[in-house]
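Below, chains carry the letters A, B, ... as their sequence lines are ordered, and counting in each starts from 1.
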Amino acid sequence: MLLQKAQITEQQLKTAQVQVDRMASSLEKSRDLSRLIVHVDMDAFYAAVEMRDCPELKDKPMAVGSMSMLFYSFHIFVRAAMPGFIAKKLCPNLVIVPVNFDKYRAVSNEIREIFADYDPHFQPLSLDEAYLDFTDHVEQRQHWPESSRTHQYCSGRLATGRAPSYKNVNELTEEQDLSPVLFEDSLSSSPSLPGSRDVCDAGAKCEVFGTSVEEAVREMRFRIEQKTMLTASAGIAPNMMLAKVCSDKNKPNGQYRLPSTREAVTDFIQTLPVRKVSGIGKVSEKMLNALDITNCSHLGQQMALLSLLFSETSWHHFMGISLGLGSTHIPRKKKHETFKEMNKTEEQMSLCRELCEELAADLKKEDLKLWKYLPER
DNA sequence: GCGGATCAC
DNA sequence: TATGGTGATCCGC
């Protein structure tokens, strides 16, 4: 690529620059700042779940995974995607907790129920993160009475139940009795806001949330923490690309809002390292670094060059990033995904498929794959 | 259309 | 002892 670069003439660069500028201004016209996109991400999900269910782990260096592969770790020398046996050499005291996907899935279903209250069409990316469109919720929320924005501290959880032991962590429905203070400021996010009340509903402690997006997102994170005893971080921005970057900004247990103005977006992009953008991985980063591009302002400055060196889809992608553009509407879930979220088991789903295939055969329309549409019927 | 590379979790 | 499993997209052939 550097050889190719050396052969590019001034003239080529100039004509490329004209094309790039024309494209940039046409993209600029299509910029949509009207949406409120939120990216939510649970903090160190697997490790946090295991620590919640086994508080003795809290004081020990721990990781989740196996001797072959670690998924999450809090340890300073030990990182996710590191083989466990190497981690053990670096940190002999490391406790490696085996993964328990069924449990993470169960917790995931709990948080998704909350997501659905803010955006029924939210898009899960994995068990612990999702994109939500808060635009409609925030608009409706303006007319909501305070009572609809009031949520209780789930103190009952702390008072009842018995101490979990390491052996019963598989019993998902069991009440836990220990508070999971995984992060210093975990439970002190906002003890008494102006207007918040100490009591409601038979003396239970409550918190009242405002009508802004920030307050709505804070409320959602509060509800997640009360329901699961786990914390989440969130990013609020006018599109998905930016929201994802923002959710990382105040992690753990925090949120960051990028205001919906062109100026705020372009300022934000200037100092953003290219590697932070979803879709730019190890290899792309290296290639860009070789062209002296490390952050997104360089990306914009070198766009003419990039348009000559990379494929069309690649440099169009870079172009979008350098202007702070991204998807402003979250793709609707496919019908069969909605069905899965209704907690249907695989057996139930395959039974439905069979039934549909029979039906389709009857109709002589086998190729329609009707099972996809079954949830509605 | 398919396999390899890249990327994400 | 030992370095994952899966799905998506893009690209070149």
(request) Check every atom of C:dA2, B:dC7, B:dA8 against the side chain of A:Ser284 and return the nucleotide holding the closest atom. (result) B:dC7

(request) Counting heavy atoms from C-beta on, name the nucleotide in C:dG4, C:dC11, B:dA8 closest to the side chain of A:Ser314. (result) C:dC11

(message) Whole angstroms only, please: what is the CG-C1' distance between A:Leu90 and C:dA2?
(response) 15 Å

(request) When you get a sec, tell me which of B:dC9, B:dT6, C:dG4 is the closest nucleotide to the side chain of A:Glu129? (result) B:dC9

(request) Check the side chains of A:Arg223 and A:Tyr118 for a donor-acceptor pair under 3.5 angstrom, ignoring hydrogens and angles. (result) yes

(message) Determine whether the aromatic ring centres of residues A:Phe45 and A:Tyr72 are separated by less than 6.0 angstrom.
(response) no

(request) Write down the distance between CD (A:Glu312) and C1' (C:dC11), rounded to a whole number of angstrom. (result) 13 Å

(request) Would you mind reading off the distance between A:Phe318 atom CZ and C:dC10 atom C1', rounded to a whole angstrom? (result) 12 Å

(request) Take atom NZ of A:Lys251 and atom C1' of B:dC9, then tell me their distance rounded to the nearest Å. (result) 13 Å

(request) Can you tell me the distance, in whole Å, between the CE atom of A:Met241 and the P atom of B:dC7? (result) 17 Å

(request) Please tell me which of the listed nucleotides, B:dC9, B:dT6, C:dG4, lies nearest to the side chain of A:Val283? (result) B:dT6

(request) Consider the side chain of A:Lys244, meaning its heavy atoms from C-beta on, and name the nucleotide among B:dC9, C:dC11, B:dA8 that approaches it most closely. (result) B:dC9

(request) For A:Val277, report the nucleic acid contact type (base, sugar-phosphate, nothing); a contact means any heavy atom under 4.0 Å. (result) sugar-phosphate

(message) Do A:Leu258 and A:Ile37 sit in one hydrophobic cluster, given that two such residues count as connected whenever their side-chain heavy atoms are within less than 4.5 Å of each other, even indirectly?
(response) no

(message) Measuring from the side chain of A:Ile86 (C-beta onward, heavy atoms only), which nucleotide among C:dG4, C:dC11, C:dT3 has the closest atom?
(response) C:dT3

(message) Please give the distance between the C1' atoms of B:dC7 and C:dG4 as a whole number of Å.
(response) 15 Å

(request) For A:Ile96 and C:dT1, give me the distance from atom CD1 to atom P, rounded to whole Å. (result) 15 Å

(message) Hydrophobic cluster membership, with links at side-chain heavy-atom distances under 4.5 Å among I/L/V/M/F/W/Y: are A:Val208 and A:Trp144 in one?
(response) no

(message) Of the listed nucleotides (C:dT3, B:dA8, C:dC11), which one gets closest to any side-chain atom of A:Phe85?
(response) C:dT3

(message) Between A:Arg275 and B:dT6, is there a contact of a side-chain N or O with OP1 or OP2 at under 4.0 Å?
(response) no

(message) Measure CG/A:Asp248 against P/B:dA8 and give the value in whole Å, please.
(response) 12 Å

(message) Using every non-hydrogen atom in the two residues, find where A:Thr9 and A:Gln12 come nearest and quote the distance to one decimal.
(response) N-OE1, 2.9 Å

(message) Tell me the interatomic distance from A:Met287, atom CE, to C:dC11, atom P, rounded to whole angstroms.
(response) 11 Å

(request) Side chain of A:Ser311 only, please: which of B:dC9, C:dC11, C:dA2 is the nearest? (result) C:dC11

